[in-house]
Structure formats: C-alpha cells, structure tokens
There are 2 protein chains.
Amino acid sequence: MDYKIKSRIWIEADGEILLGEGRVSLLKAIDETGSLSKAAKSIGMSYKKAWSLIDAVNKRAEKPVTSSSIGGKGGGGAELTEYGKSLVETFETINENCWKFLDHQIKQSKLK
Amino acid sequence: MDYKIKSRIWIEADGEILLGEGRVSLLKAIDETGSLSKAAKSIGMSYKKAWSLIDAVNKRAEKPVTSSSIGGKGGGGAELTEYGKSLVETFETINENCWKFLDHQIKQSKLK
DNA sequence: AATCGCTATATTTGACAACACATAACGAAG
DNA sequence: CTTCGTTATGTGTTGTCAAATATAGCGATT
C-alpha cells in the first residue's frame with residue numbers, strides 16, 4: 001500500500017484567510033493576463049467569485065495586492081502590485097518547502 | 001499586522017483520504033470512550049457521520065484501525081487496534097513537526 | 001423472552017455555498 | 001455622444017453536503 005501525505009497551507013490575517021492556494025493561482029493569472037475577468041476565465045472561475053476573493057485579500061492585507069483601473073483604453077484592467085508579487089512568491093516558496101518537508105517526514109515514519 | 005500561517009495535512013491511500021485531522025480526533029475519542037456513539041457525541045459529531053468516517057478508514061487502510069462488537073454487555077463498543085494507535089501517533093507527530101516547520105519558515109520570510 | 005445500549009444503515013430534510021444572471025458605472029477613443 | 005470592454009455589485013436559483021430522523025440487528029444479562 002502506498003500512503004501519500006498531502007498538505008494545504010494558508011496565511012491568515014486577523015483570524016481570517018488572507019491567502020490560500022486558490023487565491024494565489026488567481027493572483028498569478030492576473031499577473032499573466034493583466035485583467036481580472038480574463039484571469040478568472042483562464043482558471044475556470046466566475047468573475048464574481050474572483051472579484052470577491054481579490055476584494056477580501058486587498059482589504060485584509062497590509063497593503064493592496066492588486067491595482068485596477070475602470071474604463072478607458074481596453075475598458076480597464078488589473079495588475080499585481082509589487083507587494084502582491086512578493087506575497088505570491090513567499091507563499092509559493094513556503095508551500096514547496098512544506099511539501100519537501102512532509103515527504104521527508106513520511107519516509108522516516110513506519111508507514112513508508 | 002500579524003500574519004499567521006496555518007496548515008492542514010492528510011494521508012491518502014489509493015488517491016482518497018485516509019486520515020485527516022477530523023478522523024484522527026474521532027479515533028482519539030474512540031480510544032478515550034470505548035464507544036463510537038460516545039466518541040461522536042464527545043466531539044459534537046453525528047453518529048452517522050462518525051460511523052461513515054470510521055468505515056471509510058477501515059476499508060482503505062492496510063489493516064483495520066478499530067475493532068467493534070455488537071450487542072452483549074453494555075450493548076457493544078469500539079476500540080482502536082494497535083495499528084490504529086500507531087497511525088494516530090504517526091499522524092500527530094508529523095502534524096506537529098509541520099506546524100513547527102512552517103512557523104520557522106514564516107519567521108524567516110519578509111512577512112514576519 | 002424481554003430489556004438494554006450499542007453498531008449498522010437508509011432516507012428525508014434543511015442550511016449554506018456556489019453559480020448564473022442582471023445591471024450599473026467608468027473613461028478613453030472614434 | 002455613442003460604443004466598447006472592463007471593473008464593481010446585487011439578486012435569485014440551484015446543487016451539494018451535512019444534519020436530523022428512522023429503523024433494523026445484535027448478544028450478554030436479567
């Protein structure tokens with residue numbers, strides 16, 4: 001039997017979720033597409049849900065993670081702030097380290 | 001702002017969840033109470049849900065994690081097998097190690 | 001053979017989250 | 001001043017998952 005160990009990490013601020021895997025992948029999609037609606041579509045999420053998530057993140061984080069413009073050329077758009085980019089990078093690094101750590105842990109246990 | 005990092009780990013067998021935090025706390029309650037129904041009540045879980053979880057664990061694990069008796073003195077009961085006890089112990093150890101690891105990780109990051 | 005407390009399982013009900021849909025606002029550009 | 005694509009919100013509906021409810025079966029004890 002092959003047991004596998006999996007994990008999910010998230011960052012909380014004021015006891016509420018700030019960043020999890022879903023929000024991070026959304027932020028990455030915004031960085032790639034330059035638009036919230038395109039980002040949502042690219043990861044199969046409704047625009048409304050994506051907007052709600054980003055709104056929550058921006059309100060809870062120390063500084064906004066995205067900046068957006070309404071109207072104008074192309075109708076508007078959204079992009080990550082420098083702070084947002086650093087948050088995403090930090091999250092992903094810690095997440096990968098966690099996977100490696102757990103992999104090591106289960107190999108050391110009796111479960112194999 | 002104090003960011004906190006949290007995690008949830010689980011063990012999979014055949015691509016399906018074998019053990020997570022909820023199941024482990026249920027197993028511990030069974031160990032303490034000697035009965036599935038009392039264990040469920042003690043952690044505020046319905047009997048049906050508790051039974052379903054234990055049933056799934058027993059079917060997917062290499063060996064059963066509980067042994068139960070129906071009828072007889074006291075109406076029956078349930079207790080952890082030796083294998084079940086070792087699984088719980090392993091899970092909790094790895095989980096605690098994971099928390100410590102993540103705590104260390106976030107202190108090393110820029111987020112503090 | 002009747003009782004008791006538990007395991008074992010099906011079915012029905014209800015709450016809550018996800019989702020689709022609708023609409024307003026905005027500002028550059030033609 | 002109309003069009004366009006986007007952000008920004010509200011609302012009603014649907015689908016899913018958990019909780020409640022119901023019931024059968026078991027075996028030691030009396």
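In what follows, chains are A, B, ... by sequence order, proteins preceding strands, each numbered from 1.
- Cluster partners of B:I70, using a side-chain heavy-atom cutoff of under 4.5 Å among ILVMFWY residues and allowing indirect links: none.
- Taking atom CH2 of residue B:W51 and atom C1' of nucleotide D:dA24, one finds them 13 Å apart after rounding to whole Å.
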Where along nucleotides 25-30 of chain C does protein come under 4.0 Å, by heavy atom, of base (B) or sugar-phosphate alone (S), with - for untouched nucleotides?
-BBS--

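- Shown here are the salt bridge (charged side-chain N to carboxylate O under 4.0 Å, His left out) partners of B:E89, two or more places apart in sequence or in another chain: there are none.
- The list of side-chain hydrogen bond (donor to acceptor under 3.5 Å, both in side chains) pairs with a residue in residues 70-85 of chain B, not counting sequence neighbours, reads A:Y3-B:Y83.
- OP1 or OP2 of C:dT7 has at least one side-chain nitrogen or oxygen of B:S35 nearer than 4.0 Å.
- The stretch residues 7-56 of chain A participates, sequence neighbours left out, in no ring-ring contact (aromatic ring centres under 6.0 Å, His included) pair at all.
- For the pair B:Y47 OH and D:dA24 P, the interatomic distance rounds to 16 Å; values are reported in whole Å.
- Within the structure, every side-chain polar atom (N or O) of B:S69 is placed at least 4.0 Å from both OP1 and OP2 of C:dT7.
- Checking the phosphate oxygens (OP1, OP2) of D:dA8, a side-chain nitrogen or oxygen of A:S68 falls inside 4.0 Å.
- Close to D:dG5, at under 4.0 Å from its OP1 or OP2, lies no side-chain N or O of A:S37.
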Can you give one letter per nucleotide of nucleotides 10-19 of chain D, 5' to 3': B if a protein heavy atom sits under 4.0 Å from the base, S if only from the sugar-phosphate, - if neither?
BB-------S

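- Scanning for salt bridge (charged side-chain N to carboxylate O under 4.0 Å, His left out) contacts around A:K4 gives an empty result, with sequence neighbours left out.
- Of all the residues in residues 78-86 of chain A, not one reaches under 4.0 Å from DNA chain C with any non-hydrogen atom.
- Side chain of A:N58 to main chain of A:P64: no donor-acceptor pair is present (N/O by atom type, distance under 3.5 Å, no hydrogens or angles).
- Partners of A:F101 by ring-ring contact (aromatic ring centres under 6.0 Å, His included), not counting sequence neighbours, listed by chain and number: B:F101.
- The separation between B:I30 atom CD1 and C:dC6 atom P is 14 Å, rounded to whole Å.
- Using modelled atom types and a 3.5 Å distance limit, the side chains of A:S37 and A:S35 yield a donor-acceptor pair.
- Rounded to whole Å, atom P of D:dT7 lies 13 Å from atom CG of A:D55.
- Pairs of residues two or more places apart, or lying in two chains, never qualify as salt bridge (charged side-chain N to carboxylate O under 4.0 Å, His left out) while including a residue from residues 30-53 of chain B.
- Here A:E16 pairs with A:R60 under the salt bridge (charged side-chain N to carboxylate O under 4.0 Å, His left out) rule; sequence neighbours left out.
- Remark: A:S68 engages A:A78 in a side-chain contact (heavy atoms from CB on, under 4.5 Å) (not counting sequence neighbours).
- D:dT7 atom P lies 11 Å from atom NZ of A:K41, rounded to whole Å.
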